[in-house]
Amino acid sequence: VTATQPGTATLYNWNWNTGGTTFTRTKLPTPPPSGQSSPWGAYTSAAGKKKITVDAASRIYVLDGSNRILRYAYDFTAKKWTQWALPVAQLSGNFDMIWASDKTVLWARRTDGTALRIRIDATADRGLVTPIVGSGLGAYQEVFSLGGDTRFAVEATTTGYLKKSWFDE
């Protein structure tokens, strides 16, 4: 997602060619996230950037204004988007951050600092939710993952220490 002006955004797919010499950029048609008039603009602010993530399979997850987690996947062959929402019944609490930590794993942080680990079953379109008790994630301003269910968190202090942790099933 590239912010073109405050509150607006354009979605691009970047591919590294097989020869390893160039990137190609493709502008994608933008589906509006449910209930929003400006498709991706809500995710360009500092708070909004914590509510959008991309997993290792290039699926986009957003935390929308109704406290739902939505998944968008673009089918390059059919040239269309598919959308899926994690059933609200599986979520409890108000969330302020999400991040993908693998192809099928998504995390959501509640405003009280606790978190949910969500294993997405893409074939059945459901999420298996594991509450993580006492995770203390409220002390971090940024949380991200490079995969493998390992997360990195930047403390919300003037020192901004980076902490690493992982989840072992």
**OP:** Kindly determine whether Tyr74 and Tyr72 satisfy ring pair (Phe, Tyr, Trp, His ring centres under 6.0 Å), including the steps that lead there.
**Re:** CA-CA 7 Å; Tyr74 189 72; Tyr72 295 90; over 10 Å; no
Worksheet entry | Trp99 and Trp107 aromatic ring geometry - parallel, tilted or perpendicular at 30°/60° bounds | parallel
d(Thr53 OG1, Tyr43 OH) to nearest 0.5 Å is 12.0 Å
Tightest non-hydrogen contact, residues Ile98 and Ile52, listed as CG1-N, 4.1 Å
Exactly one of Leu116, Val62, Ile118 clears side-chain contact (heavy atoms from CB on, under 4.5 Å) with Ile69, and that residue is Ile118
Nearest heavy-atom contact between Arg59 and Ala73 is CG-CB, 4.0 Å
Between Glu142 and Lys50, is any pair of side-chain heavy atoms under 4.5 Å apart? yes
Value for NZ (Lys103) from CG (Asp55), rounded to nearest 0.5 Å, stands at 8.5 Å
Separation between NZ (Lys164) and OG (Ser145), nearest 0.5 Å, reads 11.0 Å
Looking only at heavy atoms, the pair that brings Glu155 and Gln141 closest together is O-NE2, 3.4 Å
With a 4.5 Å cut-off on side-chain heavy atoms, are Met97 and Tyr140 touching?
no
When every non-hydrogen atom of Val54 is compared with those of Ala100, the smallest separation belongs to O-CB, 3.7 Å
Of all heavy-atom pairs linking Phe95 and Ala108, the shortest is CD2-CB, 3.5 Å
Between the CZ atom in Arg110 and the CG atom in Asn94, the distance rounded to the nearest 0.5 Å is 10.0 Å
CG of Asp64 to OH of Tyr61, rounded to nearest 0.5 Å, is 15.0 Å
